[in-house]
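To start, the structure itself, in structure tokens.
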There are 2 protein chains.
Amino acid sequence: MTDINFSRSAAHPDSQGAAGTYPAPRAGEMRWDIIELLFFAYRDFVGDADQELEAFGFGRAHHRVMHFVYRYPGLKVADLLDVLRITKQSLGRVLKQLLDEGYIIQKTGNNDRRQRLLYATAKGEALVAKLAGLQTDRITRALRDINPEGVAAISQFLRAMIDRDDPDKVLEAIFGTGSKKPRE
Amino acid sequence: MTDINFSRSAAHPDSQGAAGTYPAPRAGEMRWDIIELLFFAYRDFVGDADQELEAFGFGRAHHRVMHFVYRYPGLKVADLLDVLRITKQSLGRVLKQLLDEGYIIQKTGNNDRRQRLLYATAKGEALVAKLAGLQTDRITRALRDINPEGVAAISQFLRAMIDRDDPDKVLEAIFGTGSKKPRE
DNA sequence: CAAGATATGTCAACATGACTGACATAAATT
DNA sequence: AATTTATGTCAGTCATGTTGACATATCTTG
């Protein structure tokens, strides 16, 4: 009654009207498996944090900002924009809330006094730690039965999935092409 | 000048005021590496499709709907809601557009005439194939230098990241706990 | 020093894709 | 006949993204 029709048959006959007018689908080559596993894995991975964030009146945008500010103390606003790939205006709203509510503080740059360097407060650190704890628990569980070679393959795969043209400061740190390292 | 302060030092002194009033951060146990790799990998993975979708005047929501309708022909509206974890109203808007523009067709259920079974048209299939092609290219590139054991570990890891309580019909198909299989 | 470039902040208007709550219809179940 | 289920839709709201314009402070350059 509530079954999906999972048959391997082609789409409904009515949907075949224009068949042949589009490029060959090369369906056999598609990595449907990885595509769908990434969708579900990421959905549940971020879902962990979403529940907690509600209690704070925050959303995913706040989490992303807090995370990178905590991890890379002294991050500039411009660097954050590169990492998150959003506009100044979008970041502004979220950042203002985090500043107002005391999760982040700004410090004027030493060399360049135009810069506002961002740091997590103790309150901000606690939030990041809580959320990272939930996500780490899920990751640890998922890695439990995988040997070191397997874990290395996972790490290599995820790295290779990331665009390397024009890497931002955080990516340089992650890939070790910069000389500096993230916190912890 | 445009450098992040990547120092390992603690957060800015002003941020330490309330230290000790929050749970111990257990920072050493955190899988910062995987957390951040997942963020960047998924960002760039979905970014592939985003560009193409703009040309069609569609967004990510349309992609997700098209993908699962193509992959699981005859999917019901209710099943789609389970998979995407959005509300009927949210899905309604996107689905209506895809129906109106001829990417998807509905067919009244045989056993239960209340159901509207969903199928991709040839036009819809072409769109899904195009987007899956881009994502498959990225995945294939990322897997190029990884041996079969490594690929197995990646698959196992992604599966283990997914919540298994109350799995929807699509997840049952992916995990093989249902008897039916997806298309292709 | 004056001029221009840069880093940041902010205003207004708008789009997308989520949400809640309420209600309608047709069809199946009890 | 009454109830439940599957779907569709209306109205309003919210979070988070967008563009374009403009202001201010500060650094760099001619």
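On a predicted model such as this, the values are computed, not experimentally measured, just so you know. Order of the sequence lines sets the chain letters (A, B, ...), proteins ahead of strands, with each chain counted from 1.
Checking C:dG17, C:dA27, D:dT16 against every side-chain atom of B:Ala61, the shortest atom distance belongs to C:dG17. For A:Gln115, the listed nucleotide lying nearest its side chain is C:dA7; candidates were D:dT16, C:dG17, C:dA7.
Using bins of under 30°, 30° to 60° and over 60° for the plane-to-plane angle, the ring pair B:His63/B:His67 lands in the perpendicular bin. The aromatic rings of A:Trp32 and B:Tyr70 sit tilted relative to each other, their planes meeting at an angle between 30° and 60°.
B:Gly92 comes within 4.0 angstrom of no nucleic acid atom, judged by non-hydrogen atoms across all strands. At the heavy-atom level, B:Gln97 lies nowhere under 4.0 Å from the strands shown.
Evaluation of atom-type donor-acceptor distances gives no pair under 3.5 Å for the side chain of A:Lys96 against the base of C:dG9. No hydrogens or angles were tested; on distance alone, a donor-acceptor pair under 3.5 Å links the side chain of B:Arg114 to the base of D:dT5. No hydrogens or angles were tested; on distance alone, a donor-acceptor pair under 3.5 Å links the side chain of B:Gln89 to the base of C:dG21.
OP1 or OP2 of D:dT18 lies within a sub-4.0 Å distance of a side-chain N or O belonging to A:Thr87. Here B:Gln106 reaches the OP1 or OP2 of D:dG8: one of its side-chain N or O atoms lies under 4.0 Å away. Taking side-chain N and O atoms only, A:Ser90 has no distance below 4.0 Å to OP1 or OP2 of D:dT16.
Rounded to an integer number of Å, the gap from CZ of A:Arg116 to P of C:dA7 is 13 Å. Atom CD1 in A:Ile86 sits roughly 15 Å away from atom C1' in C:dT16 (whole-Å rounding).
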Run the side chain to side chain contact (heavy atoms under 4.5 Å, CB included) check on B:Leu80 and B:Leu118 step by step: do they pass?
-> CA-CA 10 Å; B:Leu80 209 39; B:Leu118 303 173; 3.6 Å; yes

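A donor-acceptor pair shorter than 3.5 Å cannot be found between the side chains of B:Thr140 and B:Arg144.
Between B:Arg93 and A:Arg113, the residue anchored closer to the 5' end of DNA chain D is B:Arg93, taking for each the nucleotide with the nearest heavy atom.
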